[in-house]
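To start, the structure under review is shown below, and the notes come after it.
No hydrogens, no waters, no symmetry mates; every other heavy atom, side chains included, goes into these values. By convention in this document, chain letters (A, B, ...) are assigned in the order of the sequence lines, proteins followed by strands, and residues within each chain are numbered from 1.
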Amino acid sequence: MSKYNPKKIEHKWQRYWGDKKLFRADDSSNKPKYYQLETFPYPSAAGLHVGHPKGYIAEDVHARYVRMSGKEVLYTMGWDAFGLPTENYAIKVGKSPQEVAEANIKNFRRQVKMFGLSYDWDREINTSEPEYYKWTQWLFLQLYKAGMAYQKLSKVNWCLSCKTVLANEQVLHKTQNTKHKTQTNSKSQTQNLKNEESVGVCERCETPVIQKEMKQWFFKITDYADRLLTDLEGLDWPEETVKRQKDWIGKSEGAVINFEISKYRNIEISVFTTRPDTLFGTTYLVLSPEHGLIENLKFKIENWDEVSKYIEKAKIKTELQRKEEAGEKTGIELKGVKAINPATKEEIPIWVADYVLGGYGTGAIMAVPAHDERDFEFAKKFDLPIQKVVEGGEISREAYEGNGNLTNSGKFDGMDSEKAKWEITKEVGGERKTQYKLRDWSVSRQRYWGVPIPIIYCHKCWETLTSKSETLNKFKDQNFKFQTTNIDEIEYMVVPVPEKDLPVKLPKLEDYRPKGVPPLASSKKFLDAKCPNCKNTAKRDAETLDTFVDSSWYFLRYIDPHNKKEFASKEKLKHWMPVDLYIIGAEHAILHLLYARFISKFLHDQGYLSFKEPVLKLRHIGLILGADRQKMSKSRGNVVNPDDVVNEVGADASRLYWMFMGPLEDAQPWDIKGVAGLYRFLNRVWNFISKLEEPGKENREANKILSKYIKEIGDDIKNMKFNTGVSGLMKLLNELEDKWLTNKQYGTFLKLLAPFAPHIAEELWQEVLGNKKSIHLESWPEYDETLLAEETVRLVIQVNGRVRDTIEVKKGLSEEDIKKIILDRDNVKKYITGTIKKVIYLQDRIINLVV
RNA sequence: GCCGCUGUGGCGGAACAGGCAGACGCACUGGACUUAAAAUCCGGUGGCCUCCGGGCCGUGCCGGUUCAAAUCCGGCCGGCGGCACCA
């Protein structure tokens, strides 16, 4: 008998499955479809780390089980290849991003393949290939046509020295004082950090980063806010993920109320409030530094110098700094102007403060210090009046934010605040309004390694447009909601690249380093374009799309990855979508999933898709931590490379170990020592072949045991409890160990093992048992109910709630039967000191005698 | 600060839906085999006490509900993650 040698068999079967295309997803199969999706990885230079395989193996075990259960499974892999880290790495090593990405993908593919995952490799995609990004650009154009893609000025992180936009993750959060590394108490360390002033600096040159307004493309995701919220109902998603999406969308209901400016009654300040019932308690207004009205009031503001200085300072603060300072209120009064409270008709002061955000609501608030904690703090600091208008708690040290009956509110006194909200809104001519925190999705990136934005800017068209109305009509015919833009003081017509000209290919460059303009702008060949409309010279948009756009629709491309006419055929989409199971890290709970849902809804509205929600069932994978229980990172030096693990014990034992470590969604520390147990287990499976029995001498007891575990292990996989599934296999083998099995019985065992350890199962199935077809084409075994019913159970006997005895009994006995049997037992009699007052009996499980 | 998750042996974890806490594995340990070691196989392993029959305690802490609590309720403490002035 040969010894178990994973190296010898694993590669062999991987090639066999690949050559036979065993896991090809058949579009025209008449089996029920099942679409399984997992995060397609970002192929970094570092290669796979041990966190990746956890989700992949779990999906593979599940996919193999679902196939054995008679479904046609679509399960494949691709590469989210565009993105900043690759570009930066390429610059660092002096290669092109194309070369780097290609090498990374090659390495990732090799690593992924060594686990023997049952992907349909014919559907592999790569977001950085023109065949893919052509459709990303097409998607952009559809959004543009529908008026869902537009340009506006927006704040970006800008490094004055590198002259480039920085992503949030490129802004280092640097503290002014040096950290004391000897400090061991983590609590006091956090305390220290909080007291230090921090600034955002460029990761490359350490120059402080400022906020700069730049023209950026946005997708109008806010149009879908309400549907993104309500359609979350009914999805089989982790509760916390649904909640986080809801919080992110941030729906709040309130009213917009206008305040007149005293003496200048034609100017009004609009505020959004969720508490119009507290209007009588509004003792001042606050504008955000960005508020447009401030400039309008310039000549009426007596302390303009101070005000403009405050505003300038506030504007260059990075988002990080603003977050840091949260709680420390600053602000300045606009002297010389007053607003009129529409409820009390009294004059109230107007302030500017950066605790009011420009991007939310109307960028201005009515301050009710008695009933809002932030207003309260501000009022205390600047000595502003506090007027209580809701009967509730004391207002001395903090605001009362609850509901109650009104007071000091004229004719509304005594009214319940919920009711008063809308009564008061009506009284002052306000308007009920629903507000969302969700902002439009900024998609422009001033970087090279991404999808070029398929837009051309034409000055000539703009000139004609403004002089001749027939051009205008021409654009109308094209069904575009036409837009114009201003770049460096020159006006342009925004002309979308015609679909027939897609893809706009990403050119190779000499130099990828940022130089103040996007890298693509330095390529004259790329930049110069013929206007598709007037045929004159025009220029291309030189920026690229956020990589979240690439990944917002990749699961649609898997369905029809080689389609040259459409992003995917309608029939195929209808057949395979929506996704039946998506396993993804919790870090993607908001952005990626929100964007994917948004794009699906958009394409649905455009008539391309027949479903509203792309993912029916979602599960998260927990992190694999280092042996030190810290997040794995290069700097901590606790990173484990999966290559080493697979080299050591083979793919099957590794797969089992990943699954055995613990629940899928929990984080677990990596402990290589644990792998040994799984390797031992597989050896025992292998060595069992010396105990195979002739047919006809089937051991009935073994069938009972098998039946029990067919059910248990199948249920575990279905419920994605892979850890107990593996322990089930071990228990099963332990229980079979002293028995002889027929080939058929051993084959049943191998089928249960097959989803978890596909190579060894295949080897034993074909080479030892002599089967001619792959075990992975077999059906999941059926269990015998009558055998399950024959099993005896161990009944627990309690007296006064304490376990005093156990007894082996047939299933299904009545309380009377049980009592007859147990009352004679010494262990029971011993504890029954008086009369039995009460008996609690749970059939086949427990009997409790209360005396 | 707010929100979410989480706390079980030396370790990873198990325990249907309130019903034997610690399955399964790691590590450790006793034995068999071996000249020896490795591998393998058989056994032990929460703590304390024991007259060796067993008894008591035990799932972060305090209290409650129940015949019965790791599980349900109230309060507190620790760990992890997310959000962060959203009017």
Side-chain angles (χ1 to χ4, degrees), chain A residues 3 186 238-241 243-244 247-248 250-252 254 271-275 278 286 288 319 322-329 353-357 359-368 371-375 377-378 435-439 586-587 589-590 620 622-623 625 627 629 631 656-657 660-663 665-678 680-681 683-684 687 712 715 719 721 723-734 737 794-806 826-827 830 837-842 845-851:
Chain A
K3 271 181 68 182
S186 63
E239 235 176 280
E240 74 264 27
T241 304
K243 198 186 169 305
R244 282 174 65 186
D247 288 351
W248 188 265
K251 181 177 182 172
S252 52
V271 304
F272 173 71
T273 177
T274 54
R275 293 297 301 269
T278 62
V286 188
S288 65
E319 213 164 294
R322 229 161 132 152
K323 278 179 193 173
E324 275 284 308
E325 289 166 11
E328 297 235 347
K329 301 274 182 300
D354 68 1
Y355 84 91
V356 175
L357 309 172
Y360 183 75
T362 61
I365 61 154
M366 58 179 234
V368 186
H371 305 294
D372 181 281
E373 202 48 54
R374 296 150 303 179
D375 298 342
E377 231 180 277
F378 193 79
Q435 189 70 45
Y436 298 91
K437 276 190 218 173
L438 184 70
R439 296 187 205 173
E587 68 274 19
I590 299 177
H620 290 309
L623 288 175
L625 306 170
R629 303 188 143 270
K631 235 185 206 173
L656 286 170
Y657 178 60
F660 187 59
M661 282 203 294
E665 64 279 7
D666 291 0
Q668 285 103 21
W670 180 261
D671 178 12
I672 188 67
K673 279 190 297 214
V675 180
L678 287 309
R680 261 173 231 156
F681 166 71
N683 267 296
R684 286 171 55 209
N687 294 334
E712 266 188 39
D715 286 350
N719 299 322
K721 291 167 75 178
N723 54 331
T724 52
V726 176
S727 88
L729 285 166
M730 291 172 167
K731 284 194 235 180
L732 171 57
L733 187 68
N734 289 349
E737 196 96 273
R794 198 152 65 106
L795 189 87
V796 174
I797 304 162
Q798 292 185 337
V799 179
N800 287 338
R802 306 191 80 108
V803 179
R804 295 305 182 183
D805 203 356
T806 61
D826 290 344
N827 275 344
K830 206 161 77 180
K837 287 187 207 140
K838 197 173 170 186
V839 177
I840 294 115
Y841 176 59
L842 252 88
R845 293 169 93 166
I846 197 163
I847 184 160
N848 188 8
L849 308 167
V850 184
V851 295

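In plain terms, the two heavy atoms of A:Leu842 and A:Leu795 that are nearest each other are O-CD1, 4.3 Å. The shortest heavy-atom contact between A:Thr362 and A:Phe272 is OG1-N, 3.6 Å. Scanning all heavy atoms of the two residues, the minimum distance from A:Val286 to A:Ala367 falls at CG2-CB, 4.3 Å. Between A:Val356 and A:Gly363, the shortest heavy-atom contact is CG1-O, 3.6 Å.
Looking at heavy-atom distances under 4.0 Å, A:Lys251 makes no contact with the nucleic acid at all. At the heavy-atom level, A:Lys243 lies under 4.0 Å from the strands shown only through sugar-phosphate atoms. Within the nucleic acid shown, A:Val796 comes within 4.0 Å of at least one base atom, counting heavy atoms only.
Between A:Lys721 and B:rA15 there is a side-chain polar atom (N or O) within less than 4.0 angstrom of OP1 or OP2. Regarding contacts with the backbone of B:rC26, a side-chain N or O of A:Arg680 is found under 4.0 angstrom from either OP1 or OP2. In this structure, A:Ser252 reaches the B:rA87 phosphate: one of its side-chain N or O atoms is under 4.0 Å from OP1 or OP2. For B:rC67, one of the phosphate oxygens OP1 or OP2 lies less than 4.0 angstrom from a side-chain nitrogen or oxygen of A:Lys838.
Against the 90° criterion about 0, the sugar-base torsion of B:rG55 places it in the anti range. Glycosidic torsion of B:rG79 falls outside 90° of 0, placing the base in anti.
When the C1' atom is used for both B:rU59 and B:rG18, the distance is 15 Å, rounded to whole Å. The same atom, C1', is picked in B:rA69 and in B:rC62; the two are 16 Å apart, to the nearest Å. Spacing between B:rA23 and B:rU8 at atom P, rounded to whole Å, works out to 16 Å.
For A:Lys837 and B:rC67, a side-chain-to-base donor-acceptor distance below 3.5 Å is absent, hydrogens and geometry of angles not being considered. If you check distances only, the side chain of A:Arg794 does reach the base of B:rC20 with a donor-acceptor pair under 3.5 Å. With hydrogens and angles left out, the side chain of A:Gln798 and the base of B:rG19 share a donor-acceptor pair within 3.5 Å.
Between B:rC24, B:rA87, B:rC41, one nucleotide has an atom nearer to the side chain of A:Val356 than all others, and that is B:rA87. With distances taken from any side-chain atom of A:Asn848 to the nucleotides B:rG25, B:rC26, B:rA68, the minimum falls on B:rA68. When the nucleotides B:rG19, B:rA23, B:rA27 are ranked by their closest atom to the side chain of A:Ser727, B:rA23 comes out on top. Nearest to the side chain of A:Arg244, among B:rA27, B:rG82, B:rC83, sits B:rG82.
The cationic group of A:Lys329 lies under 6.0 Å from the six-membered ring centre of A:Tyr355 and within 45° of the ring axis, placing it in a cation-pi geometry.
Across the strands present, B:rA32 finds its partner in B:rU40; the criterion is a Watson-Crick or G-U wobble pair with both atom distances under 3.5 angstrom. For B:rC80, the paired nucleotide is B:rG4, the pair qualifying as Watson-Crick or G-U wobble because both relevant distances are below 3.5 Å.
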Between protein and nucleic acid, restricted to nucleotides 52-59 of chain B and to nitrogen or oxygen atoms under 3.5 Å apart, what atom pairs and distances do you find?
unit_1	atom_1	unit_2	atom_2	d
B:rG55	OP1	A:Arg804	NH1	3.4
B:rG55	OP1	A:Tyr831	OH	2.5
B:rC57	OP2	A:Arg802	NH2	2.5

Would you list the protein and nucleotides 8-13 of chain B atom pairs, both N or O, that sit under 3.5 Å from each other?
unit_1	atom_1	unit_2	atom_2	d
B:rG12	OP1	A:Arg629	NH2	2.3
B:rG12	O2'	A:Met661	O	2.5
B:rG13	O3'	A:Asn723	ND2	3.4

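At whole-Å resolution of the value, CG in A:Asp375 and P in B:rA87 are 12 Å apart.
For the side chain to side chain donor-acceptor pair (under 3.5 Å) with A:Asp247, the lone residue among A:Lys243, A:Lys251, A:Arg244 that qualifies is A:Lys243.
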